[in-house]
Amino acid sequence: TFKKWGPFLVLLAFFSFWLVWKKPAHQEVHSTTHLAMGTLVTVSTWGVETSVEEKAVTQVFARIDQVEELASRQKTGTPVYQVNHATPGTPVVVPEELATILAAGLEMHTVSNGAFDPGLGFLSDLWGFGHGVPDVGKIPAATELAAWLHERKKNTDYGIKLVKEPGGAMTVQVDGTPFTLDLGAFA
């Protein structure tokens with residue numbers, strides 16, 4: 001039996017080891033990191049040729065940059081920044097794409113019974129995550145957390161409202177400090 005199958009098995013073993021050890025260059029993992037919305041984003045690719053990889057990674061980061069221009073709370077001038085800095089209770093017109101993202105976040109808030117919350121921006125600030133790079137070791141005082149929670153509980157309704165106006169424009173309204181948009185978890 002070995003005489004019959006032996007040469008085949010030897011060739012199979014040889015090519016198996018050869019394929020494992022002699023991988024083409026495009027089988028290696030390549031990683032590229034980019035800072036967006038205060039978070040380091042890493043895209044890893046493998047199994048594609050370098051030119052295809054570079055184009056794909058460029059497209060991914062271009063899309064991430066588009067989302068940052070729409071949903072960053074740290075970057076002055078973005079729609080989320082404008083909502084968070086408007087007078088509490090003032091509706092702010094937002095792009096349809098942001099309204100779609102926020103609608104998904106508000107749905108997750110409802111479905112999770114509040115465990116997921118797109119309105120925790122101020123709480124993130126208390127813990128030192130509000131400016132893109134965390135303040136290492138920052139732990140808010142118990143009084144700060146209690147004050148935030150007290151303000152939050154004053155609102156009988158959830159303090160973020162997404163409304164389609166009669167003319168078709170989408171507006172977002174936040175009810176002040178206890179409700180500050182932070183869409184980094186799902187934008």
So which pairs with a foot in residues 62-72 pass salt bridge (Lys or Arg N to Asp or Glu O under 4.0 Å), sequence neighbours left out? Arg63-Glu97, Glu69-Lys75
Interatomic distance, Thr90 atom OG1 to Gln82 atom CD [nearest 0.5 angstrom]: 13.0 Å
Can you tell me how far CG of Leu181 sits from CG of Leu98, rounded to the nearest 0.5 angstrom? 7.5 Å
Could you name each residue pair satisfying ring pair (Phe, Tyr, Trp, His ring centres under 6.0 Å) that touches residues 67-103, not counting sequence neighbours? Tyr81-His85
Rounded to the nearest 0.5 Å, how far does CG of Leu123 lie from CG of Asp117? 9.0 Å
Between the side chain of Asp182 and the main-chain N/O of Leu120, is any donor-acceptor distance below 3.5 Å? no
Applying side-chain contact (heavy atoms from CB on, under 4.5 Å), name anything that partners Thr33, two or more places apart in sequence or on another chain. Leu40, Thr42
Would you list the pairs meeting salt bridge (Lys or Arg N to Asp or Glu O under 4.0 Å) in which at least one residue belongs to residues 140-151, sequence neighbours left out? Glu151-Lys154
Pairs of donor and acceptor atoms involving the side chains of residues 160-169, under 3.5 Å and at least two apart or interchain, shall be tabulated with distances.
| unit_1 | atom_1 | unit_2 | atom_2 | d |
| --- | --- | --- | --- | --- |
| Lys161 | NZ | Asp175 | OD2 | 2.9 |
| Glu165 | OE2 | Thr171 | OG1 | 2.8 |

Do Ser72 and Val80 make a side-chain contact, defined as non-hydrogen atoms from C-beta onward lying under 4.5 Å apart? no
Could you grab the distance from atom CD of Glu107 to atom CZ of Phe116, nearest 0.5 Å is fine? 11.5 Å
Check which hydrophobic residues are tied to Val41 through side-chain heavy-atom contacts below 4.5 Å, counting indirect links as well, and list them. Val43, Val57, Val60, Phe61, Ile64
Rounded to the nearest 0.5 angstrom, the CZ-CH2 distance for Phe122 and Trp127 is 13.5 Å
Same cluster or not: Ile139 versus Trp148, using hydrophobic residues (I, L, V, M, F, W, Y) connected whenever any side-chain heavy atoms lie under 4.5 Å apart? yes
Can you list the residues that meet the side-chain contact (heavy atoms from CB on, under 4.5 Å) rule with Leu149, with sequence neighbours excluded? Lys153
State, to 0.1 Å, how close Leu183 and Pro118 come at their nearest heavy-atom pair, and which atoms those are. CD2-CB, 3.9 Å
So does Gly121 get a backbone contact from the side chain of Arg73, meaning a donor-acceptor N/O pair under 3.5 Å? yes
Any donor-acceptor pair under 3.5 Å linking the side chain of Arg152 with the backbone of Pro178? yes
Show me the pairs that pass ring pair (Phe, Tyr, Trp, His ring centres under 6.0 Å) and involve residues 90-110, at least two apart or across chains. His109-Tyr158
For Thr78, all residues meeting side-chain hydrogen bond (donor to acceptor under 3.5 Å, both in side chains), sequence neighbours excluded: none
Going by side-chain hydrogen bond (donor to acceptor under 3.5 Å, both in side chains), name the residues that satisfy it together with Ser44, two or more places apart in sequence or in a different chain. Ser31
